[in-house]
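Written below as structure tokens is the structure these notes are about.
Chain letters run A, B, ... following the sequence lines, proteins first, then strands; residues in each count from 1.
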Amino acid sequence: MEIYGLLLARYGHRHWWPAETPFEVCVGAILTQNTNWGNVEKAIANLKRDRLLTPGALRDVPLDLLAEAIRPSGFFNVKSVRLKGFVSWLFERFGGSLERMFAGEWGELREELLKVPGIGRETCDSILLYAGEKPSFVVDAYTRRLFAALGLVSEKADYETVRSLFMADLPADPRLYNEYHALIVQHGKEHCRKRPRCTGCPLHVCPSTMLP
DNA sequence: TTCCCGGCTG
DNA sequence: CAGCCAGGAA
């Protein structure tokens with residue numbers, strides 16, 4: 001059985017992305033940069049408490065209040081500017097409407113989104129896939145670690161190379177990409193960590209199990 | 001390569 | 001309490 005099937009059999013459906021709205025997904029994708037999800041949840045809860053989880057509210061809130069609200073997610077001075085930058089771009093380009101943002105051809109949207117300061121490749125693909133349900137595969141640290149450990153990609157392959165490998169091998173199905181990435185993350189947390197925990201690994205092929 | 005930062009785990 | 005963890009820009 002292939003990797004996806006083994007991971008699905010072990011971990012089951014992950015029901016990603018944990019958010020109430022597509023806009024919440026976009027905000028979460030920026031807040032989770034270099035930050036674990038637990039901290040992002042606290043920041044999101046603060047934004048909801050302060051009624052800031054809409055494009056208009058984020059556009060209008062003073063920068064320092066926004067920074068204070070998202071403090072638990074870390075790098076709050078950078079991320080507050082990034083959130084402001086994203087929503088101001090969203091307003092000037094799509095009138096503040098995610099529906100309009102996702103309405104066109106998503107390949108062009110991806111190129112445009114990547115030009116927004118603070119939206120890198122992983123954040124961009126997370127927004128496309130989890131907020132817009134576009135079949136754009138998300139590559140993260142767990143993806144690289146796992147597939148390098150399996151010998152399927154070089155450790156130093158760049159983002160676009162790894163993403164292209166997945167997309168060339170898989171049907172362009174957003175539900176599949178959604179599930180697959182979520183499974184890779186779960187597997188990364190449980191087994192394929194920086195310091196690998198190979199006992200009980202559903203793939204039983206990681207480096208330390210192949211030691212003499 | 002370095003800077004940007006908090007919260008959880010051992 | 002030290003160590004760990006997680007993207008993007010310059």
Side-chain angles (χ1 to χ4, degrees), chain A residues 11 14 16-19 24-50 52 58 63-90 109-132 136-149 153-164 166 177-178 180-201 206 208:
Chain A
Y11 303 113
R14 310 309 306 156
W16 271 30
W17 180 297
E24 186 178 330
V25 174
C26 298
V27 171
I30 290 169
L31 292 181
T32 201
Q33 291 168 0
N34 225 53
T35 302
N36 64 58
W37 185 252
N39 294 356
V40 176
E41 285 183 321
K42 298 171 197 298
I44 297 270
N46 290 346
L47 292 174
K48 286 183 175 172
R49 177 200 61 201
D50 298 341
L52 291 175
L58 279 192
L63 184 63
D64 57 324
L65 290 187
L66 175 56
E68 193 49 44
I70 65 169
R71 174 180 288 272
S73 72
F75 305 98
F76 51 88
N77 287 319
V78 181
K79 289 176 181 176
S80 54
V81 171
R82 290 179 182 176
L83 288 173
K84 282 280 192 182
F86 172 67
V87 293
S88 71
W89 171 84
L90 185 62
L109 172 60
R110 183 172 192 264
E111 293 312 307
E112 216 176 326
L113 221 30
L114 285 172
K115 291 178 182 144
V116 178
I119 309 290
R121 299 179 191 286
E122 182 181 344
T123 305
C124 178
D125 289 326
S126 296
I127 289 172
L128 290 170
L129 179 59
Y130 290 104
S136 192
F137 204 90
V138 178
V139 176
D140 67 350
Y142 292 124
T143 311
R144 293 160 167 289
R145 192 184 302 151
L146 172 60
F147 286 82
V153 300
S154 151
E155 309 80 358
K156 41 168 286 300
D158 68 18
Y159 185 100
E160 297 295 340
T161 302
V162 178
R163 174 173 177 270
S164 297
F166 276 89
Y177 288 12
N178 176 322
Y180 204 166
H181 179 253
L183 288 167
I184 290 168
V185 170
Q186 187 63 32
H187 183 70
K189 290 178 188 302
E190 286 189 32
H191 295 285
C192 217
R193 314 166 122 207
K194 273 262 189 72
R195 157 88 178 271
R197 308 292 172 88
C198 295
T199 55
C201 174
C206 84
S208 73

*Could you list by number each residue of residues 66-83 of chain A showing a heavy-atom separation from DNA chain B of less than 4.0 Å, or answer none if no residue does?*
R71(A), P72(A), G74(A), F75(A), F76(A), N77(A), V78(A)
Say we look at [N] and [M]: how far apart would their [atom1] atoms be, to the nearest angstrom?
{"N": "dC5(C)", "M": "dC4(B)", "atom1": "P", "result": "22 Å"}
{"N": "dA6(C)", "M": "dG10(B)", "atom1": "P", "result": "14 Å"}
{"N": "dC8(B)", "M": "dG8(C)", "atom1": "C1'", "result": "23 Å"}

Considering non-hydrogen atoms only, spot the tightest contact between [X] and [Y] and give its length.
{"X": "C192(A)", "Y": "Y142(A)", "value": "O-CD2, 4.5 Å"}
{"X": "V40(A)", "Y": "T32(A)", "value": "CG2-CA, 3.4 Å"}
{"X": "I30(A)", "Y": "K79(A)", "value": "O-CE, 3.8 Å"}
{"X": "H181(A)", "Y": "V138(A)", "value": "CD2-O, 3.2 Å"}
{"X": "R193(A)", "Y": "R197(A)", "value": "NH1-NH2, 2.9 Å"}

_Using a strict threshold of under 4.0 Å (side-chain N to carboxylate O), is an ion pair present between K48(A) and E24(A)?_
yes
_Along DNA chain C (nearest heavy atom to each residue), the more 5'-positioned of V116(A) and R193(A)_ = R193(A)
*I119(A) vs T35(A), nearer the 5' end of DNA chain C by closest nucleotide*: T35(A)
For residues 111-119 of chain A, which side-chain donor-acceptor pairs fall under 3.5 Å, sequence neighbours excluded?
unit_1: E112(A); atom_1: OE2; unit_2: R93(A); atom_2: NE; d: 2.3

*If you look at every strand shown and take non-hydrogen atoms under 4.0 Å, does Y159(A) touch a base, only sugar-phosphate, or nothing?*
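Y159(A): no heavy atom of the nucleic acid under 4.0 Å.
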*How would you give the extent of chain A contacts on DNA chain C, as first and last nucleotide 5' to 3' within a 4.0 Å heavy-atom cut-off?*
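Both ends considered, the range comes out as dC5(C) to dA9(C).
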_Nearest-Å distance for atom pair CD/P, residues Q33(A) and dG6(B)_ = 16 Å
*So, T143(A) and R163(A): side-chain donor and acceptor under 3.5 Å apart, yes or no?*
no
